[in-house]
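Comments concern the structure below.
Note that the numbering runs from 1 along the sequence shown for the chain.
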Amino acid sequence: QVLLVESGGGLVQDGGSLRLSCAVSGGTFSSYVMAWFRQAPGKEREFVAAINWSGGSSLYVDAVKGRFTISRDNAKNTVYLHMSSLKPEDTAVYYCAAVLEVKPWAYYRGRVDEFDYWGQGTQVTVST
């Protein structure tokens, strides 16, 4: 069984930074596409960023481009989300997700249904 555990969330001021981590166990981490999603109160879960098995390719939603960076350390079975210039609208529960990379990277679109494994989420709150 694949287990994903997020950490690093918290309360930060507008314009601040946070780094989220997601530790993965129970599978072959280096075979997975890893992603971050977020869900704000009353809204649907939305894609934030994804990274391929090697870390050589990544994908971002337009709202976070230039502010967030996804990275991974295959030796530590961990994926990260570095968030800077945070805005109140970034407030949400952030979820880590994983799926075996079985199709070419270009076919991944960041849809919720593309991912098989999910963490429990970590709260990020950006105050004004």
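Remark: R109 CZ to L59 CG distance equals 8.0 Å, nearest 0.5 Å. Note: S54 OG to E101 CD = 7.5 Å, rounded to the nearest 0.5 Å. Note that the OH atom of Y95 and the CZ atom of F115 stand 15.5 Å from one another [nearest 0.5 Å].
The shortest non-hydrogen separation linking A92 to Q123 is O-NE2, 3.4 Å. Across every non-hydrogen atom of S58 and I70, the tightest pair is CB-CG2, 3.9 Å. Between M34 and A98, the shortest heavy-atom contact is SD-CB, 3.5 Å. Closest approach of Y60 to A49, counting heavy atoms only: CD2-CB, 3.6 Å.
Pairs engaging residues 39-58 under the ring-ring contact (aromatic ring centres under 6.0 Å, His included) rule: F37-F47 [sequence neighbours left out]. Applying the salt bridge (Lys or Arg N to Asp or Glu O under 4.0 Å) rule to pairs touching residues 113-124 yields K103-E114, R111-D113, R111-E114, sequence neighbours excluded.
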Tabulate below the donor-acceptor pairs under 3.5 Å that side-chain atoms of residues 2-15 make, not counting sequence neighbours, or state none.
unit_1	atom_1	unit_2	atom_2	d
E6	OE1	Q120	N	3.1
E6	OE1	G121	N	2.9
E6	OE2	C96	N	2.8
E6	OE2	G121	N	3.2

Expected list for residues 21-33: side-chain donor-acceptor pairs under 3.5 angstrom, two or more places apart:
none

Could you tabulate the donor-acceptor pairs under 3.5 Å formed by side-chain atoms of residues 77-90, not counting sequence neighbours?
unit_1	atom_1	unit_2	atom_2	d
T78	OG1	K76	O	2.8
H82	NE2	S71	OG	3.3
S84	OG	R67	O	2.8
D90	OD1	R38	NH1	2.9
D90	OD1	R67	NH2	3.0
D90	OD2	R67	NH1	2.8
D90	OD2	R67	NH2	3.4
D90	OD2	K87	N	2.8

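Hydrophobic clustering (ILVMFWY, side-chain heavy atoms < 4.5 Å, transitive): V102 and Y107 are in distinct clusters.
Partners of R19 by side-chain hydrogen bond (donor to acceptor under 3.5 Å, both in side chains), not counting sequence neighbours: none found.
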